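None of the values given here were measured: they were computed from a predicted structure.
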Amino acid sequence: MALTISAVVLFGILAVVLLRGRHVSLGTASVLFLFGFFVAGTGSYQPIYTACQAIAQALTYLTS
């Protein structure tokens, strides 16, 4: 059975966890940056979304 989670939900949860844990690093900044673009849906949304989809597909093929 496959479980799918929206990127907005995933990055939102990660952002809350990282902010509550008071972790400030490059990873935290990246998560919050991506969360902002997925939520905002600006003109930069499509290229970033496409790149994230490509990475997710690559990870899927690597784990198969």
Side-chain angles (χ1 to χ4, degrees):
M1 177 158 99
L3 176 67
T4 58
I5 298 175
S6 168
V8 173
V9 173
L10 179 65
F11 285 122
I13 291 169
L14 286 172
V16 169
V17 168
L18 292 171
L19 287 171
R20 286 205 155 241
R22 299 189 189 269
H23 298 286
V24 179
S25 67
L26 181 60
T28 304
S30 299
V31 167
L32 294 175
F33 175 79
L34 289 171
F35 178 68
F37 273 101
F38 278 106
V39 172
T42 63
S44 299
Y45 168 80
Q46 191 61 39
I48 292 171
Y49 181 76
T50 304
C52 289
Q53 272 189 317
I55 291 168
Q57 286 179 347
L59 290 174
T60 302
Y61 290 127
L62 288 175
T63 59
S64 307

How many angstroms lie between [atom1] in [X] and [atom2] in [Y], if you round to the nearest 0.5 Å?
| X | Y | atom1 | atom2 | result |
| --- | --- | --- | --- | --- |
| I55 | T50 | CD1 | OG1 | 11.0 Å |
| S30 | L14 | OG | CG | 11.5 Å |
| L62 | Q57 | CG | CD | 12.0 Å |

May I ask whether I13 and V16 are part of the same hydrophobic cluster, defined by side-chain heavy atoms of I, L, V, M, F, W, Y residues being less than 4.5 angstrom apart, directly or through others? no
